[in-house]
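Here the structure comes first, spelled out in structure tokens, and everything after it is commentary.
Just so it is clear, the model here is predicted, and its values are computed rather than measured. The figures that follow rest on heavy atoms only: side chains count, while hydrogens, waters and symmetry mates do not. Position 1 is the first residue of the sequence, and the numbers go up from there.
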Amino acid sequence: MRTVAVVGASLAGLSAARSLRARGYDGRLVVIGDETHRPYDRPPLSKEFLAGTLGEADLSLETDDEDLSAQWLLGARATGLDRTRRAVRLADGSEVRTDGLVIATGAAARTLPGTDGLAGVHSLRTLDDARALRDELARGGRLVVIGGGFIGAEVASTARALGLEVTVVEVAPTPLAAPLGATMGGIVSALHADHGVQLLCGVGVKGIGGERRVDAVHLEDGRSIPADIVVVGVGARPCVEWLEGSGVALDNGVTCGADGRTGLAGVVAVGDCANWYDPREGAHRRVEHWTGARERPDAAVATLLAGGAVEPGLPRPPYFWSDQYGVKIQFAGHAGGADSVTVEEGTPDGRDVLAVYRRAGRPVAVLGMNQPRLFTRWRKQLSAPPRES
């Protein structure tokens with residue numbers, strides 16, 4: 001391959017570029033990113049950076065002496081892919097011809113209709129989002145977080161530590177039930193009440209009040225919550241619109257094999273936009289976690305350089321962590337297919353549980369709250385190849 005293009009300049013794209021060079025690729029390498037920033041770490045945006053204890057320089061994912069000999073096209077948005085000419089079209093009308101392509105365009109935060117241009121309403125996905133929200137939180141006031149997922153919970157935790165009055169609104173009966181299951185989701189989300197954050201569950205948002213600036217969040221049950229700042233944390237959508245009509249199969253992101261390969265030769269996908277096949281589950285899953293964005297690109301690059309001639313390995317079970325109210329929350333595996341969950345160590349009231357999820361007696365996931373040692377042991381067990389019967 002004379003030219004490989006990586007479309008996406010965040011962690012997954014950077015990891016792919018690193019793997020290309022580490023595996024001996026010495027051709028032209030072009031990294032395309034729609035943001036103007038060099039690759040930066042996203043997890044601290046909702047925690048240390050938002051709290052003001054971490055600066056922008058600390059977010060850099062590149063070392064001072066790192067040189068990938070790559071051409072960086074930043075502030076360049078991909079708008080299309082011509083598979084016949086193997087060309088990535090950019091918003092400025094230019095294009096990049098390529099022999100191999102790594103799709104790493106990530107995901108974008110979902111927004112609420114009718115909130116465009118309304119001051120005080122934020123989402124949190126990018127460094128620019130975090131800058132704007134940090135400035136507002138520093139002024140204090142009443143914060144309403146719409147969405148009780150991990151990003152919303154982390155923002156609530158950070159804001160509460162800064163002294164704001166915080167309310168979290170979650171449409172589901174139990175926050176975090178989708179990733180953790182209802183039982184453990186309820187235990188983890190109880191951290192809000194422990195720290196004086198009001199949690200309203202089972203009610204949707206009807207609308208956002210305010211003319212030029214937000215002043216309230218109106219709920220579907222008729223209640224209105226006064227608000228000086230609103231953070232919308234209702235999930236993310238994969239950024240794959242630019243691939244429509246390209247021949248790349250799209251279904252909740254880019255449909256991939258267990259090693260990131262797509263249906264087009266010479267094209268792989270990684271990161272939040274990639275819907276990889278999970279052999280353990282027998283289904284495709286999009287993994288929106290830091291660890292997946294760092295680890296999985298190497299497998300995708302290996303199959304790209306080999307022309308798809310390598311057998312895909314077994315990806316490690318998804319892993320993520322969250323820091324909320326001083327509690328380290330770690331999770332690995334898939335809770336959805338479990339038929340039981342048991343607390344193996346600690347107590348729910350102590351917020352220090354180690355819980356194991358099982359299906360037909362076999363561990364399929366593990367959750368730890370301030371249990372890093374035990375969690376690490378169980379995570380290794382989950383990552384081990386399944387035994388032959």
Side-chain angles (χ1 to χ4, degrees), residues 1-33 67-73 78 80-90 95-106 238-240 242-287 291-316 385:
M1 293 184 180
R2 291 174 297 179
T3 299
V4 173
V6 178
V7 185
S10 193
L11 175 61
L14 176 62
S15 297
R18 285 171 169 163
S19 291
L20 281 161
R21 293 309 191 203
R23 288 184 172 272
Y25 175 72
D26 59 3
R28 181 183 177 221
L29 175 58
V30 183
V31 182
I32 303 166
D67 182 9
L68 293 172
S69 298
Q71 178 185 358
W72 292 83
L73 301 179
L81 172 63
D82 185 330
R83 65 171 173 171
T84 302
R85 298 173 55 248
R86 289 187 174 272
V88 177
R89 294 190 295 270
L90 304 180
E95 65 179 26
V96 176
R97 298 286 294 273
T98 179
D99 303 299
L101 177 64
V102 180
I103 300 169
T105 40
C239 297
V240 294
W242 67 284
L243 292 167
E244 291 177 0
S246 68
V248 174
L250 303 177
D251 181 13
N252 185 30
V254 178
T255 305
C256 307
D259 53 3
R261 73 181 74 189
T262 70
L264 294 185
V267 180
V268 297
V270 296
D272 291 2
C273 70
N275 193 7
W276 278 39
Y277 179 74
D278 186 336
R280 285 186 174 89
E281 300 295 312
H284 284 81
R285 292 183 183 275
R286 218 162 40 85
V287 177
T291 306
R294 183 176 63 83
E295 295 178 347
R296 293 191 172 190
D298 190 58
V301 164
T303 197
L304 176 67
L305 294 178
V310 297
E311 285 297 320
L314 193 64
R316 295 179 71 187

Exercise for review: Quickly, which of Asn275, Thr105, Leu243 forms a side chain to side chain contact (heavy atoms under 4.5 Å, CB included) with Val254? Name it, please.
Suggested key: Leu243
Indicate the atoms forming the closest heavy-atom contact of [X] with [Y], along with that distance.
| X | Y | result |
| --- | --- | --- |
| Gly253 | Pro238 | N-CG, 3.6 Å |
| Ala17 | Val31 | CB-CG2, 4.3 Å |
| Ala300 | Val268 | O-CG1, 3.7 Å |
| Ala269 | Cys256 | CB-SG, 3.6 Å |
| Ser15 | Ala293 | OG-O, 3.4 Å |
| Ala16 | Pro297 | N-CB, 3.7 Å |

Is a side-chain donor or acceptor of [X] paired with a backbone partner of [Y] at a separation under 3.5 angstrom?
| X | Y | value |
| --- | --- | --- |
| Arg28 | Gln71 | no |
| Tyr25 | Val4 | yes |
| Trp276 | Gly271 | no |
| Tyr277 | Gly260 | no |
| Asp99 | Thr3 | yes |

For the [atom1] atom of [X] and the [atom2] atom of [Y], what is their distance to the nearest 0.5 Å?
| X | Y | atom1 | atom2 | value |
| --- | --- | --- | --- | --- |
| Ser69 | Leu20 | OG | CG | 12.5 Å |
| Leu81 | Arg89 | CG | CZ | 7.5 Å |
| Leu11 | Arg294 | CG | CZ | 8.0 Å |
| Asn252 | His284 | CG | NE2 | 11.0 Å |
| Thr262 | Leu304 | OG1 | CG | 9.5 Å |
| Arg286 | Asp251 | CZ | CG | 10.5 Å |

Check your understanding: Is Asp298 paired with Arg23 through a side-chain N to carboxylate O contact shorter than 4.0 Å?
Key -> yes
Is the closest side-chain heavy-atom distance between [X] and [Y] below 4.5 Å?
| X | Y | result |
| --- | --- | --- |
| Ile103 | Val7 | no |
| Val30 | Thr98 | no |
| Arg83 | Val267 | no |
| Leu101 | Arg86 | no |

